[in-house]
Protein chains: 2
Amino acid sequence: MTEYLPGGTSPKAQLIADEVRRRIATQQWQQGQRIPDEADLAVEFGAARATVNKALQVLADEGLLERKRRAGTRVVVNPARKATFTIPIIREQIEKLGQSYSYRVFTVRRGPPGNRIVTDLGVPASAPFVHLQAVHYGDGQPFQFEDRWINLAAVAGMENLDFKHINANEWLVRNAQYLRADIEFSAENATAREAQLLGATAGMALLVLSRNTWNDKGLITSVRIACRPGFSMKALD
Amino acid sequence: MTEYLPGGTSPKAQLIADEVRRRIATQQWQQGQRIPDEADLAVEFGAARATVNKALQVLADEGLLERKRRAGTRVVVNPARKATFTIPIIREQIEKLGQSYSYRVFTVRRGPPGNRIVTDLGVPASAPFVHLQAVHYGDGQPFQFEDRWINLAAVAGMENLDFKHINANEWLVRNAQYLRADIEFSAENATAREAQLLGATAGMALLVLSRNTWNDKGLITSVRIACRPGFSMKALD
DNA sequence: TCATTCAATATATCTAAACATATTTACAAG
DNA sequence: CTTGTAAATATGTTTAGATATATTGAATGA
């Protein structure tokens with residue numbers, strides 16, 4: 001009855017989750033159907049209700065089950081697929097490829113936030129910002145073009161930083177933990193400037209990653225990263 | 001001391017997680033530093049150890065904490081940022097926008113798998129495949145161009161399906177549970193054909209989503225979805 | 001008919017306690 | 001100095017029981 005997993009036994013909640021997954025996969029429990037309640041499953045699997053709860057919670061997080069108080073637990077009709085991407089620190093990403101990392105700043109300008117920052121992100125137009133444009137290289141080849149706005153009011157100790165020589169991304173990762181973030185992947189045709197900086201041709205399709213991070217004082221930074229042509233983001237799920 | 005959250009109280013574990021997050025964000029607990037153990041935190045927060053455990057588990061899943069038995073819990077040094085994307089069923093995505101969904105198949109051809117499938121995915125060249133090309137529309141406007149290969153040997157009951165009239169994506173979602181999947185976002189310039197089918201101009205940058213799913217019998221399906229110009233994938237994290 | 005109230009019920013969450021397990025640390029033996 | 005062993009300790013997991021909360025569905029009354 002019980003299966004052996006290579007490398008030892010799994011926790012009970014895991015085994016229960018696997019069995020429920022199997023029942024859904026084999027359509028023993030069909031889409032939209034209500035499954036037995038936690039108490040019954042606890043009896044069936046010889047576990048405590050809390051353990052069953054944990055297992056079902058996992059499957060609900062995966063999007064396979066839908067749980068509502070009083071109404072019970074049912075198999076989701078059209079399970080949405082989820083994929084988690086890890087957004088690495090550029091330096092690490094490049095060094096993992098066995099390439100040497102370098103970084104060059106093309107623009108540093110202090111001043112009020114750009115229009116997009118004010119209108120899209122609801123930042124006061126009077127906030128003190130730095131606008132940065134830089135390129136990250138692997139073995140001397142352009143890897144990413146970074147266009148970043150930084151809110152100097154969001155993190156103490158930034159006023160006197162020399163962003164011309166400090167890697168803003170890494171400084172922020174280490175010194176400005178965020179509470180909330182959003183991210184967006186899109187595709188854009190390279191502008192003439194991007195093409196030049198990335199060693200590409202104008203109009204080439206670039207994967208663009210836009211990310212905003214926030215802490216309790218408001219927006220920390222808003223960055224738009226245009227990746228070199230052909231670059232892609234991969235994930236398992 | 002305690003903060004009010006608009007809209008009611010949160011579960012205790014959530015409040016604890018938020019407070020820990022805050023302490024990390026404010027560098028009260030610095031990167032690499034060990035934080036108090038569960039028992040101490042339980043006392044401090046007036047909660048049971050299990051509740052603290054749950055809260056810390058969440059933060060560890062988020063990649064903010066690193067936990068090891070006996071060694072304790074510490075703040076991760078260079079937190080990798082993660083973003084989870086939900087890949088919705090196209091029909092639902094379009095209907096959620098308040099548009100009417102339609103779908104048109106342009107190509108259905110049975111035969112051996114394409115070269116890319118054989119070489120990149122290690123599928124035997126003799127496997128029975130169907131190659132599909134279709135466009136999904138919202139209110140009559142092209143939304144996505146789908147280019148899909150389906151391994152007929154991977155799922156029983158597919159040999160006699162009429163993919164000309166059945167929505168392959170939805171049939172597979174409902175009938176072919178996968179064990180493993182990978183996904184990739186990239187940017188590509190629209191080919192003439194894609195431009196025509198998507199009502200775009202050749203060369204426009206398109207966000208492309210490539211996805212392969214597998215079960216115990218091997219590859220189920222490999223699909224490449226070119227989204228209409230300007231489309232983007234968003235996530236919070 | 002429709003809205004309100006109220007009891008029943010399934011999940012959500014928490015607690016306290018126990019045992020399991022991995023890992024560190026110290027110490028002893030070779 | 002290395003290896004082996006044992007104690008200590010922090011997290012991992014489960015249990016049994018309790019309370020909280022949302023939702024259903026039936027009963028009630030305007």
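Note on naming: letters A, B, ... go to the chains in the order of the sequence lines (proteins, then strands), and numbering restarts at 1 for each one.
- For N53(A) and dA12(C), the shortest distance from a side-chain N or O to OP1 or OP2 is below 4.0 Å.
- In this structure, the CD atom of E38(B) is 14 Å from the C1' atom of dA17(C), given to the nearest Å.
- With the 3.5 Å cutoff on both pairing distances, Watson-Crick and G-U pairs in DNA chain D assemble into runs of at least 3 at C:1-30 with D:1-30.
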Go through the steps to decide whether E170(A) and I89(A) satisfy the test side-chain contact (heavy atoms from CB on, under 4.5 Å), and finish with yes or no. CA-CA 7 Å; E170(A) 294 187 23; I89(A) 299 195; 4.1 Å; yes
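- When the shell of 6.0 Å around CZ of R22(A) is examined, it contains more than 12 heavy atoms from other residues, nucleotides or ligands.
- There is a side-chain donor-acceptor pair under 3.5 Å between T73(A) and R67(A).
- Contact annotation for A13(B): backbone-only contact, meaning every heavy-atom pair under 4.0 Å involves sugar-phosphate atoms and none involves a base.
- Geometrically, R211(A) engages Y178(A) in a cation-pi contact, judged by NZ or CZ lying under 6.0 Å from the ring centre and within 45° of the ring axis.
- Atom C1' of nucleotide dA10(D) and atom CD of Q57(B) are separated by 13 Å, given to the nearest angstrom.
- A side-chain contact (heavy atoms from CB on, under 4.5 Å) with T213(A) is found for one member of I183(A), L219(A), I220(A) and no other, namely I220(A).
- Taking the six-membered ring where tryptophan is involved, the planes of F85(A) and F85(B) are perpendicular, since the angle between them exceeds 60° and thus also 30°.
- For the pair K54(A) NZ and dT15(D) P, the interatomic distance rounds to 11 Å; values are reported in whole Å.
- No side-chain donor from either of D61(B) and Q57(B) sits under 3.5 Å from a side-chain acceptor of the other.
- Listed in residue order, the members of residues 64-75 of chain B having a heavy atom less than 4.0 Å from DNA chain D are R67(B), K68(B), R69(B), R70(B), G72(B), T73(B).
- Judged as a side-chain hydrogen bond (donor to acceptor under 3.5 Å, both in side chains), and not counting sequence neighbours, the contacts of R49(B) are E38(B).
- Remark: K12(B) is in phosphate contact with dT15(C), judged by side-chain N or O atoms under 4.0 Å from OP1 or OP2.
- For T51(A), the side-chain atoms get nearest to dT15(D) when compared with the rest of dT15(D), dA16(C), dA12(C).
- Straight-line distance from the CG atom of L56(B) to the C1' atom of dT13(D): 15 Å, rounded to whole Å.
- Between D37(B) atom CG and dT23(C) atom P the separation is 18 Å, expressed in whole Å.
- Distance D40(A) CG to dA10(C) P: 8 Å, rounded to the nearest Å.
- For R49(A) and dT13(D), the CZ to C1' distance is 17 Å, given to the nearest whole Å.
- A salt bridge links R23(A) and E19(A); the closest N-O separation between the charged side-chain nitrogens and carboxylate oxygens is under 4.0 Å.
- Across the protein-nucleic acid pair, I35(B) atom CD1 and dT9(D) atom C1' stand 16 Å apart, rounded to whole Å.
- Counting any heavy atom pair closer than 4.0 Å across all strands shown, A39(A) reaches no nucleic acid atom.
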